[in-house]
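Heads up: the structure comes next, in structure tokens.
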There are 2 protein chains.
Amino acid sequence: MTMLPTRAGTKGMPRAERERQVLAAATEEFGRRGYEATTMATVAARVGVTKPLLHQYFGSKQDLFLGCLEPVGDRLLTAVRTAMADHDNGAPPTPLRVLRALFDALDGQREAWFVLYDPSLPPGSEAAHRAAHYRDAIDELAATGTAELLRSTGSDDPLDADALKYAWRGLCTTLVRWWIEHPDQSPEAMAGRCARIFATARAVDPG
Amino acid sequence: MTMLPTRAGTKGMPRAERERQVLAAATEEFGRRGYEATTMATVAARVGVTKPLLHQYFGSKQDLFLGCLEPVGDRLLTAVRTAMADHDNGAPPTPLRVLRALFDALDGQREAWFVLYDPSLPPGSEAAHRAAHYRDAIDELAATGTAELLRSTGSDDPLDADALKYAWRGLCTTLVRWWIEHPDQSPEAMAGRCARIFATARAVDPG
DNA sequence: TCAGTAAATTACCCTAAGGTAAGATCAGTT
DNA sequence: AACTGATCTTACCTTAGGGTAATTTACTGA
């Protein structure tokens, strides 16, 4: 009698399921094209539905974006957090552990990274603030790692620390982008490749 | 009698001068906000003029973009080319020489870098192709540098080479972006900072 | 002084896209 | 068989922005 979580409605599928579908499609679309270039109609079409339904279910375009941002941000943040926490003495160095964690967390939906790092979010908007909040939280974690490094080389310039943190963030973004362009690469393969690349970079003549 | 390069016209200024003004403003705007988010009206307003004038002088929005792209692309390409050419034996290592050349070439108009690396260009458009052409030309130069490095570490995976090239490009982009957020930093200061950052990165425990 | 020309603007058109209102379609219930 | 409620669509409104046509303004030179 009571229809608790039963499939309901007409032609389509229950709301919860449709919402999951939409969020997956929107995350990929926002990540790939960016917020500005993504249209509600396109997202709707991807799941075989029309625009008004998205508005009924999620509200405005920005609300839909926020719906994508939260799970992605949480997932990435905890991935980095745990990767930095378990530093067994036999484990790979922290940067590689973090990268490996990111690749694992993004596997299956690699574009999700760019939901966090979308430069086309309306400045000053709720979406921009929330995305920045997640970025800052991740940067915070990165900062503890880089600070350690900087002490070891004797640099105490705070701007150096900031730039290094920034460079690390940019490097992660770049590597994820490369990964997206090479869909056949597994997270493991990527982690190994990063290790080799780091080793190569270390071979630069220090002038 | 003949009015060769004389100041002409009415209230404003001669066309050549206005065009230079517009190109400077548009380059900054395209670089800062990206192609999509830049509006003709905004660029026009920046130089105290209205939209139709831009169309009369440059044609379409894309034409205006191409007008910005060409000088920027040429400037950056030759900067990198010459930086890689003069490797005296006492000089800093190639990556740092290239960065220094970029900072010098971009000084006074740092956003110009992102005219080349704008992800919001209409896919398949003339603008996208031309920008890609410049990027590829610069990458080509970078590839000769990274290939040398890779030989020295024994890796012969072509994907490693591609990823390294890609990572280098991304690192440059990231460093320029940091620089834009720190307007008081001179090119010299940036070059020095990059050297310190590289040294710090080399201190990562190789696992 | 008056014609010619360059510089620039006002007023307009058209399309794309965010957003909404109202109705259509169907599952299950009574 | 009619009702209820969930799903989903058609048709529409509104705004922003690229682009154009026609006109105005003012300098220059005869």
Side-chain angles (χ1 to χ4, degrees), chain A residues 1-23 25-26 29-30 33-68 120-123 125-127, chain B residues 1-23 25-26 29-30 33-68 120-123 125-127:
Chain A
M1 39 112 117
T2 58
M3 53 143 210
L4 277 172
T6 173
R7 67 204 170 81
T10 141
K11 294 184 286 199
M13 61 188 63
R15 174 164 182 162
E17 190 176 340
R18 186 65 89 190
E19 282 180 343
R20 259 178 287 132
Q21 258 193 16
V22 170
L23 282 175
E29 208 66 17
F30 281 135
R33 326 244 187 240
Y35 182 85
E36 266 292 341
T38 298
T39 77
M40 297 295 273
T42 301
V43 174
R46 279 184 62 118
V47 297
V49 137
T50 55
K51 195 174 46 158
L53 193 71
L54 302 202
H55 284 111
Q56 286 176 31
Y57 281 4
F58 294 95
S60 70
K61 180 184 183 182
Q62 192 178 171
D63 292 334
L64 175 58
F65 179 86
L66 291 172
C68 298
S120 76
L121 293 173
S125 66
E126 177 76 13
Chain B
M1 31 112 122
T2 59
M3 53 147 210
L4 277 173
T6 171
R7 70 205 170 80
T10 140
K11 295 185 286 201
M13 60 189 63
R15 174 165 179 161
E17 190 175 338
R18 186 65 88 190
E19 282 180 343
R20 258 176 288 134
Q21 257 193 17
V22 170
L23 282 175
E29 209 66 16
F30 281 134
R33 323 246 187 240
Y35 181 85
E36 264 294 340
T38 297
T39 76
M40 297 296 272
T42 302
V43 173
R46 279 184 62 118
V47 297
V49 136
T50 54
K51 192 175 49 156
L53 193 70
L54 303 203
H55 284 111
Q56 288 176 31
Y57 281 5
F58 294 94
S60 70
K61 182 185 183 183
Q62 192 179 169
D63 293 334
L64 175 59
F65 179 86
L66 290 172
C68 297
S120 76
L121 292 173
S125 66
E126 177 76 13

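Numbers restart at 1 for each chain; the letters A, B, ... are given by sequence-line order, proteins then strands. On a predicted model such as this, the values are computed, not experimentally measured, just so you know. What you see below is based on every heavy atom in this structure, not just the backbone, and it leaves out hydrogens, waters and symmetry mates.
Counting heavy atoms from C-beta outward, B:Leu53 and B:Arg18 have side chains that approach closer than 4.5 Å. The closest side-chain heavy-atom distance from A:Ser120 to B:Glu36 is not below 4.5 Å. A 4.5 Å side-chain heavy-atom check between A:Phe65 and A:Thr38 finds every atom pair outside the cut-off.
In this structure, the CG atom of A:Leu64 is 10 Å from the P atom of C:dG19, given to the nearest Å. The distance between atom CG of A:Leu53 and atom P of C:dA22, rounded to the nearest whole Å, is 18 Å. Atom-to-atom, CZ of B:Arg15 to P of C:dT5 comes out at 16 Å; the value is rounded to the nearest Å. The CE-P distance, from B:Met13 to D:dC27, rounds to 14 Å in whole Å.
In this structure, A:Phe58 reaches neither bases nor backbone, as no heavy-atom distance under 4.0 Å exists between it and the strands shown.
Classification of the A:Tyr35-A:Phe30 ring pair by plane angle, with boundaries at 30° and 60°, yields parallel.
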Can I get a per-line list of side-chain donor-acceptor pairs under 3.5 Å for residues 43-51 of chain A, giving both atom names and the distance, sequence neighbours left out?
unit_1, atom_1, unit_2, atom_2, d
A:Arg46, NH1, A:Glu29, OE1, 3.0
A:Arg46, NH2, A:Glu28, OE1, 3.2

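If you take CG on B:Leu54 and OG1 on B:Thr39, they are separated by 9.5 Å, rounding to the nearest 0.5 Å.
Side-chain nitrogen and oxygen atoms of A:Arg18 include none within less than 4.0 Å of the OP1 or OP2 phosphate oxygen of D:dA6.
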(message) Within the 4.0 Å limit for protein heavy atoms, which parts of nucleotides 17-23 of chain D are touched? Write it as a string from 5' to 3', B for base, S for sugar-phosphate only, - for none.
(response) SBBBBB-
